[in-house]
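In what follows, a single structure is set out as structure tokens and then discussed.
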Amino acid sequence: MPNPVIAFPAAKPELKLAPSPAYRADPSAASEVVERVSLNREIEALRDRETNLRDYEARLRAWQEQIDSSVAAPAEPTYNSASTLGRTFSGSPVEADAALQMAWEKLHRARELLEAEQAHVRDDRLHLRDTEAMLKRHESALMAREASLAQREEILAAALAAQAAEPVRQPSALSRLTHTPFALAKSVFSTSKPVEAK
């Protein structure tokens with residue numbers, strides 16, 4: 001329904017008439033008549049506005065009633081929880097509420113189990129992360145030990161190579177002559193046993 005256009009009364013033109021000769025003699029009477037005429041015009045304009053506002057209010061009330069009547073009443077709650085569980089339910093609403101309550105309990109239990117499994121998985125991940133860090137530390141210690149062993153082997157091989165490179169000096173004849181008696185005496189005394197007293 002289109003909104004009607006409200007027509008307000010147009011302003012009436014003011015007629016400026018020359019005052020009659022009767023009023024020329026008394027200027028205060030002329031001003032009173034002019035004031036009375038302007039006051040009557042204002043009262044008429046106010047009455048027209050009041051009439052227009054009452055019509056507008058009546059139209060608004062009619063529209064509000066149409067809107068209120070067009071708004072539908074809320075639908076009755078439907079119990080479709082049993083169909084979500086995979087079975088049709090033809091019992092009373094009380095039984096449907098009980099089935100709904102059981103379904104919610106199953107959902108809460110499943111959620112608790114899921115949270116427990118998530119906690120176990122989180123703990124396993126933390127344990128694996130700690131084990132991996134420990135293995136990396138052991139690996140770095142073994143690599144450092146292998147590096148130090150390789151360095152020692154290189155030093156030992158270099159020392160053996162340097163020793164093998166030195167020529168073996170044979171003792172001279174003079175040193176053999178001077179050392180031979182002492183070596184002989186040493187071997188004799190070290191092998192002989194002291195005589196026991198009887």
Side-chain angles (χ1 to χ4, degrees), residues 1-140:
M1 177 176 181
N3 293 338
V5 178
I6 299 172
F8 290 100
K12 295 180 181 176
E14 294 184 12
L15 298 176
K16 295 185 178 179
L17 300 173
S20 63
Y23 294 122
R24 287 183 187 163
D26 189 6
S28 63
S31 65
E32 286 178 9
V33 170
V34 169
E35 287 177 6
R36 186 174 292 141
V37 169
S38 66
L39 191 63
N40 287 338
R41 286 180 185 165
E42 289 177 5
I43 289 172
E44 287 177 11
L46 286 174
R47 284 179 184 162
D48 290 341
R49 288 181 187 169
E50 184 179 3
T51 305
N52 286 338
L53 286 174
R54 283 182 183 161
D55 292 341
Y56 186 63
E57 181 183 7
R59 280 193 296 266
L60 285 178
R61 288 184 188 275
W63 287 345
Q64 184 65 39
E65 289 175 3
Q66 288 177 359
I67 290 172
D68 290 342
S69 65
S70 66
V71 173
E76 290 293 324
T78 57
Y79 299 98
N80 55 0
S81 62
S83 62
T84 59
L85 295 175
R87 60 179 186 266
T88 57
F89 191 79
S90 61
S92 66
V94 175
E95 293 173 352
D97 286 340
L100 180 64
Q101 184 65 30
M102 285 177 50
W104 276 111
E105 288 174 2
K106 286 182 182 179
L107 177 67
H108 289 308
R109 179 64 182 152
R111 182 168 288 177
E112 289 173 1
L113 291 174
L114 176 65
E115 289 174 357
E117 288 297 323
Q118 286 176 343
H120 287 307
V121 169
R122 184 176 58 244
D123 292 342
D124 289 343
R125 282 184 185 169
L126 291 174
H127 181 67
L128 286 174
R129 190 179 300 164
D130 293 342
T131 305
E132 185 179 355
M134 184 181 66
L135 287 175
K136 284 183 179 178
R137 285 195 302 269
H138 284 306
E139 183 182 3
S140 62

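If you read the sequence from its start, that first residue is 1, and numbering goes on from there.
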Check: How many angstroms lie between atom CG of L107 and atom CD of E112, to the nearest 0.5 angstrom?
Finding: 10.0 Å
Notebook entry, point to check: Roughly how far, to the nearest 0.5 Å, is the CG atom of D130 from the CZ atom of R125?
Noted result: 14.5 Å
Next item on the list: Tell me yes or no: between the side chains of N40 and E44, is some donor less than 3.5 Å from an acceptor?
Entry: no
Check: Atom CZ of R109 and atom CD of E105: how far apart are they, to the nearest 0.5 Å?
Finding: 11.5 Å
Check: When rounded to the nearest 0.5 angstrom, what is the spacing between CZ in R111 and CD in Q118?
Finding: 10.5 Å
Note to self: I'd like to know if E132 pairs up with K136 as an ion pair, taking the criterion as any Lys NZ or Arg NE/NH1/NH2 lying under 4.0 Å from an Asp or Glu carboxylate oxygen.
What the structure shows: yes
Check: Going through the distances and angles, do R61 and E65 end up as a salt bridge (Lys or Arg N to Asp or Glu O under 4.0 Å)?
Finding: CA-CA 6 Å; R61 288 184 188 275; E65 289 175 3; over 6 Å; no
Notebook entry, point to check: When rounded to the nearest 0.5 angstrom, what is the spacing between CG in L53 and CG in D48?
Noted result: 11.0 Å
Note to self: Using a strict threshold of under 4.0 Å (side-chain N to carboxylate O), is an ion pair present between E32 and R36?
What the structure shows: no
Margin query: Before you tell me yes or no, could you show the steps for E50 and L46 under side-chain contact (heavy atoms from CB on, under 4.5 Å), namely the whole-Å CA-CA distance, both residues' side-chain angles and the distance that decides it to 0.1 Å?
Written below: CA-CA 6 Å; E50 184 179 3; L46 286 174; over 6 Å; no
Checklist line | Distance (rounded to the nearest 0.5 Å) between L126 CG and R122 CZ | finding: 7.5 Å
Notebook entry, point to check: L39 versus E35: any side-chain heavy-atom pair under 4.5 Å?
Noted result: no
